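Keep in mind it's a predicted model, so treat the numbers as computed, not measured. Just so we're on the same page: letters track the sequence lines, and every chain starts at 1.
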Protein chains: 2
Amino acid sequence: MYKVKVFVTLRESVLDPQGTAVEQSLHHLGYKEASEVRIGKFIELTVEETENVETRVKEMCEKLLANTVIEDYRFEIEEVAKV
Amino acid sequence: MYKVKVFVTLRESVLDPQGTAVEQSLHHLGYKEASEVRIGKFIELTVEETENVETRVKEMCEKLLANTVIEDYRFEIEEVAKV
């Protein structure tokens with residue numbers, strides 16, 4: 001069994017209005033030292049025994065978890081003992 | 001200067017309809033081996049020179065970046081040379 005963590009982020013070239021809004025809010029709250037705020041997705045999932053887990057996770061990202069036109073993704077796979 | 005990564009996740013006890021929807025979609029796409037899908041936020045930001053950066057980032061999370069009633073958060077702080 002595997003614990004998978006997927007990090008989906010907007011590409012550098014893509015505008016991030018949500019990040020900009022959060023940055024302004026932080027400034028309003030007095031945290032002027034914060035900048036370059038980017039908001040992405042952090043997806044955790046469990047993958048049962050499968051042969052090519054890396055390929056399968058890559059496919060899941062390409063087909064569903066990330067919009068590869070405007071987003072980048074990376075993932076970490078950790079093998080864990082079956083509970 | 002610091003690069004900060006914040007991971008915001010729903011508490012275990014909180015239902016994750018978005019995660020459930022993604023899980024079902026993965027199954028429809030043929031990835032039956034995927035389960036326990038949980039969707040969270042991955043926030044990246046830069047923090048200028050400040051004395052108690054850890055305390056300040058914790059405050060940012062408590063006040064804005066995470067809804068501590070239903071979400072947990074953790075963060076990683078990496079010092080980087082000023083560009």
Side-chain angles (χ1 to χ4, degrees), chain A residues 1-10 12 16 18-53 55-66 71-77 80 82-83, chain B residues 1-10 12 16 18-53 55-66 71-77 80 82-83:
Chain A
M1 201 168 83
Y2 304 90
K3 282 277 180 195
V4 178
K5 290 179 178 165
V6 180
F7 307 89
V8 179
T9 51
L10 283 170
E12 289 293 325
D16 181 359
Q18 197 182 2
T20 309
V22 167
E23 185 170 321
Q24 285 164 0
S25 303
L26 285 172
H27 289 178
H28 283 315
L29 287 168
Y31 301 101
K32 301 259 190 283
E33 66 266 34
S35 63
E36 294 175 11
V37 180
R38 307 277 293 178
I39 313 283
K41 283 178 281 189
F42 172 51
I43 302 166
E44 297 172 289
L45 65 150
T46 302
V47 175
E48 293 305 322
E49 281 315 318
T50 176
E51 263 150 54
N52 39 17
V53 60
T55 314
R56 296 286 284 182
V57 171
K58 190 170 186 319
E59 285 174 15
M60 291 180 205
C61 291
E62 297 273 335
K63 287 182 184 172
L64 182 73
L65 303 180
E71 292 173 332
D72 291 320
Y73 67 85
R74 63 185 175 83
F75 54 81
E76 294 166 5
I77 298 175
V80 293
K82 188 139 193 164
V83 176
Chain B
M1 200 167 80
Y2 302 91
K3 283 278 180 196
V4 178
K5 289 179 180 165
V6 180
F7 306 89
V8 179
T9 51
L10 283 171
E12 289 295 326
D16 182 359
Q18 197 182 359
T20 309
V22 168
E23 185 170 321
Q24 284 164 0
S25 303
L26 286 172
H27 289 179
H28 283 315
L29 288 168
Y31 300 102
K32 300 260 190 284
E33 66 265 38
S35 63
E36 296 175 12
V37 180
R38 306 280 291 180
I39 314 283
K41 284 178 282 190
F42 173 52
I43 302 166
E44 296 173 292
L45 66 149
T46 301
V47 174
E48 293 305 321
E49 279 315 317
T50 177
E51 262 147 51
N52 39 14
V53 60
T55 314
R56 296 286 283 180
V57 172
K58 189 170 185 320
E59 284 174 17
M60 293 180 205
C61 291
E62 297 273 335
K63 287 182 183 173
L64 184 72
L65 303 180
E71 291 173 330
D72 292 318
Y73 67 85
R74 64 183 175 83
F75 53 80
E76 295 165 4
I77 298 175
V80 292
K82 189 144 187 157
V83 176

### Query
Taking atom types as modelled, is there a side-chain donor on A:E59 or B:Y31 under 3.5 Å from an acceptor on the other?
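Yes.
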Taking atom [atom1] of [X] and atom [atom2] of [Y], what is their separation to the nearest 0.5 Å?
X: B:S25; Y: A:M60; atom1: OG; atom2: CE; value: 12.5 Å
X: B:F7; Y: A:E44; atom1: CZ; atom2: CD; value: 10.0 Å
X: A:E23; Y: B:I43; atom1: CD; atom2: CD1; value: 12.5 Å

### Working for side chain to side chain contact (heavy atoms under 4.5 Å, CB included), residues B:K41 and A:K41
CA-CA 5 Å; B:K41 284 178 282 190; A:K41 283 178 281 189; over 6 Å; no
### Query
With B:R38, which residues qualify under salt bridge (Lys or Arg N to Asp or Glu O under 4.0 Å), at least two apart?
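By the salt bridge (Lys or Arg N to Asp or Glu O under 4.0 Å) rule, B:R38 matches no residue at all.
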### Task
Apply salt bridge (Lys or Arg N to Asp or Glu O under 4.0 Å) to B:K63 and list each qualifying residue two or more places apart in sequence or on a separate chain.
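Per chain and number, B:K63 pairs via salt bridge (Lys or Arg N to Asp or Glu O under 4.0 Å) with no residue.
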### Message
Out of A:V37, A:I39, A:V57, return the one with the most heavy atom pairs under 4.5 angstrom to chain B.
### Response
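Winner by heavy-atom pair count: A:V37.
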### Query
For chain B, which of A:L26, A:L45, A:T46 has the most heavy-atom pairs under 4.5 Å?
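Top count of heavy-atom pairs under 4.5 Å with chain B: A:T46.
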### Message
Using the rule given for side chain to side chain contact (heavy atoms under 4.5 Å, CB included), can you reason through A:F42 versus B:V8, listing the C-alpha separation, both sets of side-chain angles and the distance that settles it, and then say yes or no?
### Response
CA-CA 8 Å; A:F42 172 51; B:V8 179; over 6 Å; no
### Task
Just do the side chain to side chain contact (heavy atoms under 4.5 Å, CB included) check on B:K3 and A:E36 with the steps written out, would you?
CA-CA 10 Å; B:K3 283 278 180 196; A:E36 294 175 11; 3.3 Å; yes
#### Entry: A:E51, CD: over 12 other non-hydrogen atoms inside 6.0 angstrom
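For A:E51, atom CD is not crowded (no more than 12 foreign heavy atoms under 6.0 Å).
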### Query
Around B:E49, counting heavy atoms of other residues, nucleotides and ligands shown, do more than 12 lie under 6.0 Å from its CD?
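More than 12 within 6.0 Å, yes.
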### Query
So which part of A:S35 gets closer than 4.5 Å to some heavy atom of chain B, the side chain, the backbone, both or neither?
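Answer is both: backbone and side chain atoms of A:S35 are under 4.5 Å from chain B.
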### Query
Checking salt bridge (Lys or Arg N to Asp or Glu O under 4.0 Å) for the pair B:E48/A:K32: CA distance, chi angles, key distance, verdict?
CA-CA 9 Å; B:E48 293 305 321; A:K32 301 259 190 283; over 6 Å; no
